[in-house]
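Here, residue 1 is the first one in the sequence, and each next residue gets the next number.
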Amino acid sequence: MFKRMIWVGIGIAVGVVVVRKLTKVAESVTPGGVAERVGGAGAEMKESFKAFWADVSEAKQAKEAELFDAIERGEDISPLLAEDEDEDEQALKGRLF
């Protein structure tokens, strides 16, 4: 009798776990669940874009400072500009599209 009670208890526990998992999966495919996942993906993309834009802005400010310093010293800035063009051409050669 005690063995049967143990097996009934195990069966109930497994049943509860399975029902909870199935409910969670069913909720994730409802329109609300899909909207929540898409919203989360959108938020991640927004943060990624913000980080990218911050990196670009930082690089732009560094290059501007370098150019302004060269102009103030009266140096020729064409070598500074040519370096970027060479790097851009090399980067484009490596692209497949």
Side-chain angles (χ1 to χ4, degrees):
M1 177 80 167
F2 189 69
K3 279 186 170 181
R4 287 185 183 177
M5 289 176 63
I6 289 176
W7 284 111
V8 168
I10 291 172
I12 289 172
V14 169
V16 168
V17 170
V18 168
V19 167
R20 283 189 174 186
K21 294 234 183 221
L22 288 175
T23 303
K24 194 173 187 178
V25 169
E27 287 176 2
S28 70
V29 295
T30 61
V34 171
E36 189 175 310
R37 283 195 319 242
V38 169
E44 288 177 20
M45 184 180 286
K46 181 179 177 182
E47 291 301 318
S48 176
F49 183 73
K50 279 184 177 180
F52 169 74
W53 194 253
D55 290 344
V56 168
S57 297
E58 183 180 321
K60 180 188 75 142
Q61 290 172 352
K63 189 63 172 182
E64 285 177 349
E66 183 181 2
L67 289 169
F68 284 135
D69 288 342
I71 290 171
E72 286 178 359
R73 290 189 304 261
E75 296 175 359
D76 183 23
I77 62 169
S78 56
L80 295 174
L81 298 175
E83 289 176 10
D84 291 341
E85 291 173 2
D86 293 340
E87 291 174 4
D88 291 342
E89 288 175 10
Q90 290 175 355
L92 288 175
K93 287 180 184 177
R95 296 178 97 179
L96 298 176
F97 52 92

Original post:
Using 30° and 60° as the class limits, which term best fits the ring planes of F52 and F49: parallel, tilted or perpendicular?
Top reply: tilted
Original post:
What's the verdict on side chain to side chain contact (heavy atoms under 4.5 Å, CB included) for E44 and E47, showing C-alpha distance, side-chain angles and the deciding distance?
Top reply: CA-CA 5 Å; E44 288 177 20; E47 291 301 318; 5.9 Å; no
**OP:** From the options I12, V16, I10, select the one residue that forms a side chain to side chain contact (heavy atoms under 4.5 Å, CB included) with V14.
**Re:** I10
Subject >> Over 12 foreign heavy atoms within 6.0 Å of CZ, R73 >> reply: yes
**OP:** Measure the spacing between CD of E66 and CD1 of I71 and express it to the nearest 0.5 Å.
**Re:** 11.0 Å
Original post:
Got a sec: does the CD of E64 have more than 12 other heavy atoms crowding it under 6.0 Å?
Top reply: yes
Original post:
Taking a hydrophobic cluster as the set of Ile, Leu, Val, Met, Phe, Trp and Tyr residues connected by side-chain heavy atoms closer than 4.5 Å, whether directly or through intermediates, do F2 and V8 fall within one such cluster?
Top reply: no
